[in-house]
Amino acid sequence: MLDSKPCHTPMATTPNLSRSMGEVLPSSKEYHQVVGALQYLTLTRPDIAFAVNKLAQFLHCATDIHWQACKRLLRYLQGTSNSGLWLRPSAALSIQCYSDSDWTGCPDDCRSTSGYLVYFGGNLISWSSKKQPNVARSSTESEYKALANATAELMWLRTLLREIGYLPLQPATLWCDNMSAIYLTSNPIFHALTKHVEIDYHFIRDQIRHETVQIRFTKISDQIADILTKPLGHILFSSHLRKLRLRNSAASLEGGSISI
């Protein structure tokens, strides 16, 4: 892989990887080792979180197509080996969170993938890309579950900040691109299209009522968490990548900031 050509994105937009494509590898040991190592790298590289999450779903049935996708990710990392999270001081210590979901994105079980990004004072401090445990019957339910996961993370962060002696006075802002899911967080009246949403996700309403979280709408083109739910093309991926605050480590250190 040292002489391979770097890629601009960690995963191709097509084809959508599934268990049935390709021929099973004679030995998947190397695949397991590479994907296992990449999971540790996601602790500091949110840009590859979705790709690693997707590849990890085929550890028990890895094929040559999955191995090609894995090598593409390595080519992307080769071209961005000096990148890292850029942290800098900020006077505005507000909490912002972007939440998104790719409805029925998995061709094998039709489950959705949820993703969120949490910014504290303009710095990215927490992120997640994870397949939902149950099949969502509508995009509204899928987005609502993603909002619930993001809200749980925000509540944990507020508790952590309180323990170290700081509690934000303003409620955390949660950005979502699905108006139906936003309406559902404030409208207690259910109808036929939303009655299947599970009750345990309605704690979002309690947090809104207690003014610890506020839900706001963002355009799809500005939904940064999209990078954690599906493979993106080069232009959109590059646009979201800049907002993740990933920088070249050498350039960041020259500017007086911290890169991790």
Side-chain angles (χ1 to χ4, degrees), residues 1 4-18 21 34-35 37-58 65-87 96-107 112-119 122-132 139 142-143 146 150 175-178 218-249 251-252 259-260:
M1 300 296 295
S4 60
K5 183 179 179 180
C7 292
H8 295 293
T9 59
M11 179 172 284
T13 56
T14 57
N16 193 358
L17 297 181
S18 68
M21 59 173 45
V34 173
V35 175
L38 290 173
Q39 289 179 324
Y40 289 98
L41 189 57
T42 59
L43 296 176
T44 56
R45 292 291 300 268
D47 53 329
I48 66 170
F50 171 76
V52 175
N53 174 271
K54 190 69 174 181
L55 294 174
Q57 297 175 23
F58 308 112
I65 302 297
H66 305 144
W67 181 234
Q68 291 176 13
C70 184
K71 290 192 289 186
R72 177 191 173 91
L73 176 54
L74 294 177
R75 290 166 55 198
Y76 169 76
L77 291 173
Q78 180 186 2
T80 58
S81 58
N82 292 326
S83 296
L85 280 178
W86 188 40
L87 304 179
Q96 306 278 331
C97 179
Y98 292 83
S99 172
D100 193 29
S101 175
D102 180 28
W103 182 40
T104 64
C106 180
S112 307
T113 299
S114 299
Y116 62 75
L117 295 162
V118 182
Y119 292 82
N123 295 308
L124 180 61
I125 61 171
S126 179
W127 56 89
S128 173
S129 177
K130 186 178 181 180
K131 183 189 288 189
Q132 295 181 359
S139 60
S142 175
E143 293 280 359
W175 298 94
C176 176
D177 59 10
N178 187 288
T218 182
K219 297 184 296 184
I220 296 178
S221 58
D222 296 330
Q223 179 54 273
I224 314 174
D226 206 27
I227 203 172
L228 299 175
T229 63
K230 62 179 72 68
L232 302 177
H234 174 47
I235 297 178
L236 186 57
F237 180 84
S238 299
S239 174
H240 290 337
L241 185 63
R242 288 190 293 269
K243 299 173 185 177
L244 293 183
R245 305 190 67 81
L246 287 172
R247 299 289 190 276
N248 181 283
S249 58
S252 298
S259 179
I260 62 173

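Note that the structure is predicted; figures quoted are calculated from it, not measured.
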Are Thr218 and Gln223 close enough, and set up right, to give a side-chain hydrogen bond (donor to acceptor under 3.5 Å, both in side chains), and what steps lead you there? CA-CA 6 Å; Thr218 182; Gln223 179 54 273; 5.7 Å; no
Sequence-distant partners of Phe50, ring-ring contact (aromatic ring centres under 6.0 Å, His included), two or more places apart: none
Using the six-membered ring wherever Trp is involved, compare the ring planes of His66 and Phe58 and label them parallel, tilted or perpendicular (cut-offs 30° and 60°). parallel
So do Leu77 and Leu38 actually touch side chain to side chain, heavy atoms under 4.5 Å? yes
Has His240 got a side-chain atom pairing as donor or acceptor with Asp222's backbone, closer than 3.5 angstrom? no
Side-chain atoms of residues 232-239: list all donor-acceptor pairs with protein atoms under 3.5 Å, sequence neighbours left out, distances to 0.1 Å.
{"unit_1": "His234", "atom_1": "ND1", "unit_2": "Ser238", "atom_2": "OG", "d": "3.3"}
{"unit_1": "Ser238", "atom_1": "OG", "unit_2": "His234", "atom_2": "O", "d": "2.8"}

For the side chain of Ser99 and the backbone of Ala146, is there at least one donor-acceptor N/O pair under 3.5 Å apart? yes
Rounded distance (nearest 0.5 Å) linking atom OG of Ser129 with atom OH of Tyr116: 10.5 Å
Could you tell me which non-hydrogen atom of Gln132 sits nearest to which non-hydrogen atom of Ser142, and how far apart they are? NE2-O, 3.0 Å
Side-chain touch Leu17/Gln57, heavy atoms, less than 4.5 angstrom: no
Hey, are the side chains of Tyr119 and Leu244 touching, using non-hydrogen atoms and a 4.5 Å cut-off? yes
Does the side chain to side chain contact (heavy atoms under 4.5 Å, CB included) test come out yes or no for Arg72 and Thr9, once each step is laid out? CA-CA 9 Å; Arg72 177 191 173 91; Thr9 59; 2.6 Å; yes
Please confirm whether the backbone N or O of Gly115 pairs with a side-chain atom of Ser128, one donor and one acceptor, at under 3.5 Å? no
What distance do Lys243 atom NZ and Ile227 atom CD1 have between them, rounded to the nearest 0.5 Å? 10.5 Å
What are the two closest heavy atoms between Lys130 and Asn53, and how far apart are they? CA-ND2, 3.9 Å
Between the side chain of Trp127 and the main-chain N/O of Thr42, is any donor-acceptor distance below 3.5 Å? yes
Side chain to side chain contact (heavy atoms under 4.5 Å, CB included) test vs Asp100 passes for just one of Leu228, Thr113, Thr229, namely Thr229
Min side-chain heavy-atom separation Asp47-Pro10 under 4.5 Å: no
Nearest heavy-atom approach of Ser18 to Met21 is O-CG, 3.3 Å
d(Ile48 CD1, Leu41 CG) to nearest 0.5 Å is 4.0 Å
Answer yes or no: is there a side-chain heavy-atom contact under 4.5 Å between Glu143 and Asp177? yes
Can you tell me how far OG1 of Thr80 sits from NE2 of His8, rounded to the nearest 0.5 angstrom? 11.5 Å
Testing the basics here: between Leu246 and Thr44, what is the closest heavy-atom pair and its distance to 0.1 Å? CD2-O, 4.3 Å
Evaluate Val118 against Leu124 for side chain to side chain contact (heavy atoms under 4.5 Å, CB included), listing each step before the verdict. CA-CA 6 Å; Val118 182; Leu124 180 61; 5.6 Å; no
Looking at Lys5, is its backbone amide N or carbonyl O close enough to the side chain of Arg75 to form a donor-acceptor pair, meaning the two atoms are under 3.5 Å apart? yes
Donor-acceptor pair, distance only, cut-off 3.5 Å: does the side chain of Asp226 make one with the backbone of Ser221? no
About how many Å separate CG of Asn178 and OG of Ser101, when rounded to the nearest 0.5 Å? 9.0 Å
Quick check: do Pro231 and Lys54 have side-chain heavy atoms less than 4.5 Å from each other? no
Return yes if some donor-acceptor pair links the side-chain N/O of Asp102 with the main-chain N/O of Lys230 below 3.5 Å, else return no. no
Take Leu74 and Val34 through the side chain to side chain contact (heavy atoms under 4.5 Å, CB included) test and state the conclusion after the steps. CA-CA 9 Å; Leu74 294 177; Val34 173; 4.1 Å; yes
Will you find, in the side chains of Gln96 and Trp175, an N or O donor that is under 3.5 Å from an N or O acceptor? yes
